[in-house]
Q: 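Pasting a structure here, questions to come.
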Amino acid sequence: MSSYPDDEEVVPFDGHAGSFPKEFGYGAFDGDHDVTLSSNNEQKPRILLMGLRRSGKSSIQKVVFHKMSPNETLFLESTNKIVKDDINNSSFVQFQIWDFPGQIDFFDSTFDSDMIFGGCGALVFVIDAQDDYMDALNKLNITVTKAYKVNQNIKFEVFIHKVDGLGDDFKMESQRDIHQRANDDLSDAGYDKIHLSFHLTSIYDHSIFEAFSKVVQKLIPQLPALENLLNILNTNSAIEKSFLFDVVSKIYIATDSTPVDMQSYELCCDMIDVVIDVSWIYGYSVRDEQETTAFDEQSSSLIKLNNGTVLYLREVNKFLALVCILREDNFDHKGVIDYNFLCFREAIQQVFELRNKHQSMTNSSGSPIINGKNIVGDTHMNSSFIDETN
Ligand SMILES: Nc1nc2c(ncn2[C@@H]2O[C@H](COP(=O)(O)OP(=O)(O)OP(=O)(O)O)[C@@H](O)[C@H]2O)c(=O)[nH]1
C-alpha cells in the first residue's frame with residue numbers, strides 16, 4: 001500500500017521505507033477526533049513543484065510524502081507528464097501536489113496556464129545548487145511572472161536544493177547570489193511586487209521537511225489560531241517549545257511563536273520515528289488480528305535526555321501529534337500538563353467546528369476571528385487552561 005493514491009502514476013517502491021513502516025500512511029480519516037467536516041466540499045489548495053529537469057522535484061515529493069529513502073531517489077525516472085498527488089489528511093493538511101516535468105513549455109498551446117495557476121496556493125521552484133543555476137534563474141523568472149499574471153495570490157517558494165554537497169560558505173554565497181539575481185530579474189521585468197521566499201534544502205537531512213513545513217503552513221488559514229493555542233499551552237504548562245506535527249510526513253503544521261531551532265525540530269522528528277516504529281513492531285502482536293494503526297489515541301511518549309530536557313509526545317488526532325520540549329524540573333507537574341493538553345486538543349476541535357459553522361461569516365481567507373485570547377469567540381476555551389507557573 002502506498003501512502004497516497006497517485007492519480008496518474010505509481011512509482012515502483014520496494015526498497016527501504018525510511019524510518020516508517022511502509023504501510024503507515026494516510027488512509028481514510030476516521031479518527032475519534034476527526035475535525036474534518038467541510039473539507040470535502042472545498043477545493044484543496046494546490047502546490048506546484050516546478051524547476052529544470054533533474055533538479056530534484058520528484059525526489060522531494062517522494063521523500064517528504066511517500067517515505068522514500070533519499071538513496072532510492074537515485075533510481076527515479078524522469079517525469080514526463082504532470083503527476084498529481086492527493087495529500088488527504090486531516091482538515092489541517094489537505095492539498096494536492098502537482099509534480100511537473102522539467103521540460104514543460106509554457107508557450108505550448110496545450111499548457112492551460114489559467115487552469116494550472118488559477119487554483120494554485122503555492123509554487124515551489126526547485127533550483128539545483130550543485131549545477132550552474134543561470135538557466136534555472138531564467139526559467140524561474142518566466143514561471144513566476146507567468147503564474148503571477150494569472151493569480152496574484154500564489155506564494156512563491158524557491159528551494160535552493162541539493163545543498164548537502166556544498167560547504168557552508170559556498171551555500172551562503174549561492175543563496176545570496178540566487179536571491180539577488182532572482183529579485184533583480186523580477187525588478188527588471190517590472191514585477192517588484194512579487195515576493196520570493198528562499199529555502200536551502202536537501203533530501204539528505206531535515207531541511208526539506210522544515211522548508212515544506214513552512215510552505216504548507218502558509219496554506220493553513222487557521223495558522224494564527226493554532227499558534228496562539230500553542231503559545232497559551234506553553235505559558236500555562238512551562239513548556240519551552242511545542243510543535244504540532246503531521247505524523248506521516250513529519251512536517252510541522254504549527255509551532256509557538258518562539259524561533260524554531262533546527263536541532264529541536266530534528267529531535268522531535270526522531271521522536272516521532274521512534275514512537276511509530278515501536279508502536280508498529282509491538283502494537284500488532286498485542287492487538288492480535290485486529291486492524292491496527294501505529295498511531296492512535298493511546299499514543300504518547302516521554303523521552304528524558306541527559307541534559308535535563310524532556311520530550312513529550314501526545315496524540316491530537318489520527319494524523320496530528322503534539323511534541324513538546326520542556327525542562328525536566330517542570331515536568332513534575334505532569335497532571336497539569338496533561339490537563340492543559342486536553343484543553344488544547346478540545347480547542348483545536350473547536351477552531352474547526354467554528355470555522356465550519358460560520359464559514360459564511362469568516363474573512364476571505366477563511367480564518368477564524370481572533371480576538372485577544374478568545375480564539376474561538378464566545379466559547380472561552382482558553383480560560384480552562386490551568387496555569388502551572390503560578
Ligand atoms: N545530492 C542530492 N541529490 C539529490 C537531492 N534531491 C534529489 N537528488 C538527486 O537528483 C536526481 C534527480 O532527481 P529527480 O527527483 O528525478 O529530479 P526531477 O526534478 O523530478 O527531474 P525531472 O522529472 O526530469 O524533471 C536524482 O538522482 C536524485 O537522487 C538532494 O537533496 N541532494
Side-chain angles (χ1 to χ4, degrees), residues 2-4 6-19 46-85 87 96-106 108 110-111 116 122-140 142-144 147 156-168 170-172 174-175 178 198-215 249-251 262 265-266 269:
S2 86
S3 301
Y4 303 96
D6 280 5
D7 282 357
E8 298 187 12
E9 182 190 64
V10 178
V11 175
F13 180 38
D14 49 10
H16 300 103
S19 30
R46 201 179 293 157
I47 298 179
L48 309 183
L49 275 175
M50 292 185 160
L52 295 185
R53 293 187 72 160
R54 312 303 289 158
S55 54
K57 303 177 289 296
S58 309
S59 308
I60 293 173
Q61 187 218 5
K62 294 289 168 193
V63 169
V64 176
F65 296 103
H66 291 270
K67 304 294 139 212
M68 185 175 271
S69 74
N71 289 331
E72 278 179 274
T73 63
L74 289 167
F75 309 108
L76 280 177
E77 284 178 16
S78 204
T79 315
N80 52 22
K81 58 184 174 189
I82 301 174
V83 177
K84 299 171 189 171
D85 195 2
I87 309 301
Q96 280 194 332
I97 296 188
W98 289 18
D99 181 10
F100 282 73
Q103 71 276 17
I104 195 135
D105 179 7
F106 298 128
D108 189 315
T110 56
F111 185 86
I116 287 173
L123 192 159
V124 175
F125 193 92
V126 185
I127 296 180
D128 181 348
Q130 292 187 10
D131 203 8
D132 177 24
Y133 46 73
M134 289 308 159
D135 284 350
L137 284 172
N138 238 339
K139 184 87 175 184
L140 169 69
I142 296 170
T143 309
V144 164
F156 294 106
E157 311 286 338
V158 182
F159 284 9
I160 303 170
H161 192 53
K162 305 191 191 179
V163 291
D164 47 274
L166 310 180
D168 277 350
F170 193 68
K171 218 189 275 186
M172 289 306 150
S174 304
Q175 182 176 22
I178 289 174
F198 294 86
H199 311 261
L200 290 167
T201 56
S202 164
I203 53 169
Y204 288 96
D205 58 31
H206 288 82
S207 57
I208 192 65
F209 296 93
E210 228 247 326
F212 235 102
S213 301
K214 294 195 171 138
V215 173
S249 62
K250 285 184 292 177
I251 55 183
M262 198 63 178
Y265 173 62
E266 287 176 11
C269 285

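We number each residue from 1, following the sequence as shown. Indexing begins at 1, ligand by ligand and atom by atom, following the structure's order.
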Q: Check ligand 1 against S78 and write out every atom of the ligand that is under 4.0 Å from a heavy-atom position of the residue.
A: 22 (P), 23 (O), 24 (O)

Q: So which heavy atom in the protein is nearest atom 23 (O) of ligand 1, and how far is it from that ligand atom?
A: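 Heavy-atom neighbour on the protein nearest atom 23 (O) of ligand 1: T79 N, 2.6 Å.
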
Q: Mind checking whether K139 and I127 have side chains closer than 4.5 Å, heavy atoms only?
A: no

Q: Just jot down the ligand 1 atoms closer than 4.0 angstrom to any heavy atom of S55, in number order.
A: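 Numbered from 1, ligand 1 contributes 17 (O), 19 (O).
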
Q: Can you tell which of H161, Q61, M50, E72 gets a heavy atom nearest to atom 6 (N) of ligand 1?
A: H161

Q: Looking at Q130, which atoms of ligand 1 are within less than 4.0 Å of one of its heavy atoms?
A: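 Selected atoms, number and element: 1 (N).
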
Q: Any idea which part of D164 is under 4.0 Å from ligand 1, heavy-atom wise: side chain, backbone, both or neither?
A: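 Contact part for D164 vs ligand 1: side chain (C-beta onward).
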
Q: Provide, to 0.1 Å, the distance between atom 17 (O) of ligand 1 and the closest protein heavy atom, together with that atom's residue and name.
A: G56 N, 3.1 Å

Q: State whether the shortest distance between N or O atoms of I203 and N or O atoms of ligand 1 falls below 3.5 angstrom.
A: yes

Q: Determine, considering heavy atoms only, which of K57, E77, K162, K81 sits nearest to atom 11 (C) of ligand 1.
A: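 Minimum heavy-atom distance to atom 11 (C) of ligand 1 goes to K162.
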
Q: Out of all atoms in ligand 1, which are within 4.0 Å of some heavy atom of L74? Include the element for each.
A: 27 (O), 29 (O)

Q: Should R54 be counted as touching ligand 1, given the test is an N or O pair under 3.5 Å?
A: yes

Q: What protein heavy atom lies closest to atom 26 (C) of ligand 1? Include the residue and the distance to one decimal.
A: T73 O, 3.7 Å

Q: Would you say the side chain of K62 lies within less than 4.5 Å of the side chain of L76, judging by non-hydrogen atoms?
A: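 The answer is yes; the side chains approach within 4.5 Å.
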
Q: Purely on distance, is any nitrogen or oxygen of Y204 under 3.5 Å from one on ligand 1?
A: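 Looking only at distances, the answer is no, because the N/O contact criterion of under 3.5 Å is not met.
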
Q: Given G51, A129, P70, S59, identify the one with the heavy atom nearest to atom 7 (C) of ligand 1.
A: S59

Q: Are side-chain N/O atoms of N71 and S69 paired as donor and acceptor at under 3.5 Å?
A: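 Absent: no donor and acceptor within the cut-off.
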
Q: Got a sec, which residues hit ring pair (Phe, Tyr, Trp, His ring centres under 6.0 Å) with H206, two or more places apart in sequence or on another chain?
A: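 In terms of ring pair (Phe, Tyr, Trp, His ring centres under 6.0 Å), with neighbours along the sequence ignored, H206 is linked to no residue.
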
Q: Under 6.0 Å between ring centres, would you say that holds for F65 and F212?
A: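 Here the rings of F212 and F65 have centres that are less than 6.0 Å from each other.
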
Q: I'd like to check which ligand 1 atoms, numbered from 1 as shown, lie under 4.0 Å from a non-hydrogen atom of S202.
A: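 The list of qualifying atoms is 31 (O).
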
Q: When you compare the side chain of T143 with that of L123, does any pair of heavy atoms fall below 4.5 Å?
A: yes

Q: Compute the shortest N/O to N/O distance between S58 and ligand 1 and return yes if it is under 3.5 Å, no if not.
A: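 Between S58 and ligand 1 (N or O atoms, distance only) the closest approach is under 3.5 Å.
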
Q: Could you give the distance from CD (Q61) to CD1 (I203), rounded to the nearest 0.5 Å?
A: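 Rounded to the nearest 0.5 Å, the CD-CD1 separation comes to 12.5 Å.
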
Q: Taking ring pair (Phe, Tyr, Trp, His ring centres under 6.0 Å) as the definition, give me every residue that meets it alongside F198, ordered by chain and number, with sequence neighbours left out.
A: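 F198 satisfies ring pair (Phe, Tyr, Trp, His ring centres under 6.0 Å) with H179 once adjacent residues are dropped.
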
